Structures are given as C-alpha cells and as structure tokens.
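Report on the following structure.
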Amino acid sequence: MRAEAGPLAARAGGILHIDLDAIAANYRRLAREAGAAACGAAIKADAYGLGMDRVAPVLAREGADPFFVATIDEGLALRHVLTEAGFPHAGIQVLNGLPPDTGETLLAHGLTPVLNSLADIDAWRARARERDEKLPAALHVDTGMSRLGLPDDETARLIREPERLKGIGLTAVMSHLACADEPDHAENSAQLARFRTAAQRLPAGPRSLANSSGVFLGRAYHFDLVRPGAALYGINPTPGRPSPVRPVVRLRGRVLQVRQIDRYRGVGYGSTYRASRPTRVATVGVGYGDGYPIAVSNRGVAVAAGRRVPVAGRVSMDSLTLDITDIPHDSLAPGDFVDLLDDTHDVDALAAEAGTIGYEILTGLGARLHRSYHGGDG
Ligand SMILES: *Cc1c(COP(=O)(O)O)cnc(C)c1O
C-alpha cells in the first residue's frame with residue numbers, strides 16, 4: 001500500500017485506523033445476543049484506547065445506555081461528548097466508587113456512582129437526606145472477583161438492613177464475573193448462584209452481571225442489563241472459538257529505511273538478532289513508545305506486501321525492524337506501510353505473541369499514532 005492521502009499521513013510513523021461501523025455492528029451483535037436484556041457499553045480508559053469522543057456518539061446512536069466509565073474524570077469527559085452529540089441524558093455509571101467530596105460534582109453532571117461498600121451507601125444516603133431528594137446510584141456486590149463491590153458480610157448486613165438504601169434509587173444491582181472468558185470454569189456458575197441469591201434479597205433494581213464474555217455464557221447470565229466493553233472494540237469474547245465480533249483496528253507502520261546486511265551482522269539493541277544469511281531489513285516507524293509491545297521482539301509478525309514477515313531484533317522506542325528477505329525485493333520501499341495489526345493478524349494475535357491480552361494492547365496504543373476514523377456518521 002504505497003499511496004496514503006493527506007499531509008497527516010505523510011508525517012506519521014504509524015496510523016491507527018478505527019472502523020466505527022465495525023464498532024456499531026459489534027454493538028448490534030451483542031445487543032442481539034443479549035436478547036431481552038438492555039445493552040450498555042463499557043467505555044472506560046478512553047473507549048479502550050480508541051477515543052471516547054468518536055466512539056461514544058456511535059454507540060449512543062445504536063441505543064447503548066447506560067455507559068460505564070471507571071473514574072469521575074472519565075465521566076465528566078463523556079458527559080460533555082454525549083451532550084454535544086445530542087444525548088445529554090444518557091446514563092453514565094462510574095465504576096470505581098464514591099470518593100469523598102465528589103458527590104456534588106457527580107450530581108451536577110448527572111453521573112451515577114456505583115456504590116461499592118456500606119460506607120459508600122451511607123455517604124450517598126446522607127447526601128440524599130441533606131438534599132431531600134431521591135438520588136440515583138448503582139450497587140455493586142462482590143460475588144467472587146474480590147476486587148470491587150460489597151464483600152459478603154456487608155451484603156448480608158444490607159439484606160438485613162434495607163432501610164440503609166432509603167433515598168437511593170437503584171439504577172443497577174451488579175456484580176462482575178472473574179472467569180467469563182472460560183465458559184467451563186466452575187467459578188461462573190458459582191458467581192451466578194451467589195448473584196441470584198443476593199439480587200433476590202436486595203431491594204429491586206435492574207440486575208446486571210455480564211461483561212462481553214458473559215454475554216456469550218447464555219441467557220441465565222443476561223438478567224436485565226449487560227455491560228460489554230472489549231467485544232465492542234473487536235476483542236474476541238470467546239477465546240479459542242471463532243470471534244462473533246468484527247475486528248475494529250488496523251495499525252499501519254511506515255517504512256523508514258530498507259537495508260541489506262551481511263551474514264552475522266546484528267540487528268537492534270543487544271544484537272539479539274543475528275543474520276544467518278544475507279538479509280534485508282526494513283525499519284518501521286512504530287515502537288514501544290507507541291504501545292507496540294517490546295515483548296514481541298524476535299517473536300512478532302507484521303504483514304508486508306501481503307506476506308507475513310518476522311520482527312527481527314528488539315523493538316525500540318520509536319521503531320521496529322523486520323526481516324523482509326523472503327518478500328520480493330521491489331515490493332517494499334521507504335514510505336510504504338506495513339500492517340502491524342489487520343484482519344489476518346488482529347489484536348488478540350499480537351497479544352498472544354506478546355504474552356498479554358488484547359485489552360492491554362488496545363489501551364496501550366499511544367497518542368503519537370495518527371488516528372484515522374472510518375464510517376460512523378449519523
Ligand atoms: C470493564 C468492565 C466491564 C466490561 O468488561 P469487558 O470484558 O471489557 O466486556 C463490565 N463491567 C465491569 C464492572 C467492568 O469493570
């Protein structure tokens with residue numbers, strides 16, 4: 001792919017193409033799988049690194065509601081984006097709880113806290129009393145993840161003392177699955193049973209358990225609301241099986257130089273790659289400073305001129321090197337682009353080469369990459 005339009009592309013070391021139509025299609029796929037349950041969208045960490053300002057309006061137009069962010073700052077940014085896009089009243093739930101002295105900010109911007117402890121509940125109830133109005137909140141009960149949410153003893157206490165929720169309008173009663181991407185894991189049904197029991201005994205509110213992978217565990221896991229994130233952005237929610245969702249990103253890196261080296265010559269820091277034959281090396285302007293993982297040094301692959309070529313040597317901050325000896329000599333020149341992520345070598349594949357997960361790859365893609373959005377218009 002030699003031609004790339006526009007001066008931006010001419011300056012970029014790497015271009016991240018983001019297919020907003022694929023995100024919309026993935027939302028529809030998840031909403032269909034969720035059947036009668038409502039389908040929200042996790043959009044924390046800047047829409048998993050893909051740009052909340054562009055992604056959120058697309059999801060809102062597809063009917064996503066509520067949105068889930070991790071922090072209040074993310075919620076404030078999202079409220080601005082959704083208001084500008086014509087969705088000023090979309091629900092925004094803040095997963096990481098209720099820090100002290102943040103209540104007025106939450107209320108002023110229509111952000112709903114997810115209450116993770118009895119202390120959170122008591123603080124929110126006190127604020128409701130103070131303002132003499134009913135305040136919305138979601139309630140998170142821990143059923144086995146041991147990360148966020150009311151621990152068992154606090155859940156039991158809340159069941160005995162439901163008046164603690166007086167003045168609070170529950171927008172969700174939620175829990176989070178630890179092992180949903182392993183459908184045969186015994187923890188899934190254990191968490192399901194604990195969630196059912198707790199939700200039955202707690203004051204009523206829309207019940208929500210499933211993340212992306214949870215949506216594919218079957219109807220029992222759907223309840224009233226599902227909360228997918230990763231699958232919207234093209235990460236396979238059913239690892240080991242064909243992906244039900246479409247890839248969303250394509251990462252292209254610019255070839256800076258091509259050189260021929262002799263046998264025995266080293267490539268990159270530490271000379272960890274040694275040419276075993278006369279070798280052609282292409283240097284590409286994307287490195288770990290762009291979120292391309294150093295862990296794929298001497299392990300990763302790129303797609304150049306339609307062929308897979310190996311990463312040779314250690315990934316640098318601003319560049320990486322490829323062994324392109326096996327592709328035709330005239331097929332790659334400085335200024336050309338190679339694919340570091342594409343439909344045939346997607347974010348899950350790169351993550352596997354790096355010994356990590358697609359989530360970390362996506363959220364790590366750096367600000368230096370030029371972002372090019374496709375589709376998604378009204
Ligand atoms: C991140 C998150 C989700 C979305 O999870 P995915 O695996 O990305 O679908 C849902 N619920 C909670 C509580 C989360 O933290």
Side-chain angles (χ1 to χ4, degrees), residues 12-18 44-51 178-179 181-182 212-213 229-231 233-240 243 247-257 261 265-276 279-304 307-327 332 337-371:
I15 303 176
L16 183 64
H17 296 267
I18 298 164
K44 56 205 188 186
D46 201 23
Y48 291 48
L50 301 187
C179 306
D181 58 344
E182 299 174 61
S212 297
S213 294
Y233 312 114
I235 292 171
N236 183 359
T238 59
S243 181
V248 167
V249 298
R250 179 178 182 200
L251 176 59
R252 298 164 73 221
R254 173 192 302 283
V255 177
L256 305 175
Q257 279 198 297
I261 59 171
R265 187 85 173 216
V267 178
Y269 284 118
S271 299
T272 59
Y273 191 82
R274 286 268 168 201
S276 60
T279 295
R280 280 165 63 76
V281 173
T283 304
V284 174
V286 171
Y288 63 77
D290 301 291
Y292 188 85
I294 197 169
V296 302
S297 301
N298 290 313
R299 307 174 52 143
V301 299
V303 180
R307 301 267 291 271
R308 288 197 170 199
V309 293
V311 173
R314 205 186 278 174
V315 173
S316 291
M317 183 188 293
D318 315 309
S319 62
L320 59 89
T321 35
L322 301 170
D323 181 342
I324 58 162
T325 314
D326 291 334
I327 66 171
L332 202 66
F337 283 84
V338 299
D339 280 319
L340 301 173
L341 288 170
D342 70 5
D343 291 4
T344 67
H345 176 251
D346 65 9
V347 66
D348 293 310
L350 179 63
E353 288 156 9
T356 180
I357 57 174
Y359 297 64
E360 189 179 36
I361 298 289
L362 278 190
T363 56
L365 292 172
R368 188 165 56 177
L369 297 168
H370 285 249
R371 280 162 165 75

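Worth saying up front: this structure is predicted, and the values here are computed from it rather than measured.
For the atom pair CG of Leu369 and CG of Leu16, the computed distance is 6.0 Å after rounding to the nearest 0.5 Å. If you take OG1 on Thr279 and CG on Asp323, they are separated by 5.0 Å, rounding to the nearest 0.5 Å. In this structure, Ser276 OG and Arg265 CZ are separated by 15.5 Å, a value rounded to the nearest 0.5 Å. Interatomic distance, CG of Leu320 versus CZ of Arg314, reported as 14.0 Å (0.5 Å rounding). In this structure, the separation between CG on Asp181 and CG on Asn236 is 10.0 Å, given to the nearest 0.5 Å.
His345 contributes no side-chain N or O that, together with a main-chain N or O of Ala302, makes up a donor-acceptor pair within less than 3.5 Å. Of the possible polar contacts, none joining the Ser212 side chain to the Pro237 backbone as a donor-acceptor pair under 3.5 Å is found. Side-chain N or O atoms of Ser297 include one that pairs as donor or acceptor with a backbone N or O of Ile294 at under 3.5 Å. Judged by distance alone, with hydrogens and angles left aside, the side-chain atoms of Thr321 form a donor-acceptor pair with the main-chain N or O of Ala312 at under 3.5 Å. Judged purely by atom type and a 3.5 angstrom limit, Thr325 uses its side chain to pair as donor or acceptor with the backbone of Arg280. Panel note: side chain Arg307, backbone Asp326; a donor-acceptor pair is recorded below 3.5 Å. Of the possible polar contacts, one joining the Thr363 side chain to the Tyr359 backbone as a donor-acceptor pair under 3.5 Å is found.
Annotation: side chain to side chain donor-acceptor pair (under 3.5 Å) contacts involving residues 282-295, sequence neighbours excluded, comprise Asp290-Arg368. Residue pairs that meet the salt bridge (Lys or Arg N to Asp or Glu O under 4.0 Å) test with at least one member in residues 345-360, sequence neighbours left out, do not exist here.
Between Arg250 and Asp339 there is a salt bridge, since a side-chain N of the basic residue sits under 4.0 Å from a carboxylate O of the acidic one.
Judged purely by distance below 3.5 Å, without hydrogens or angles, the side chains of Asn298 and Thr272 pair a donor atom with an acceptor atom.
When the side chain to side chain donor-acceptor pair (under 3.5 Å) test is applied to Asp343, no partner is found at least two apart in sequence or on another chain.
For the residue pair Arg254 and Ala12, the shortest heavy atom distance occurs at NE-O, 2.9 Å.
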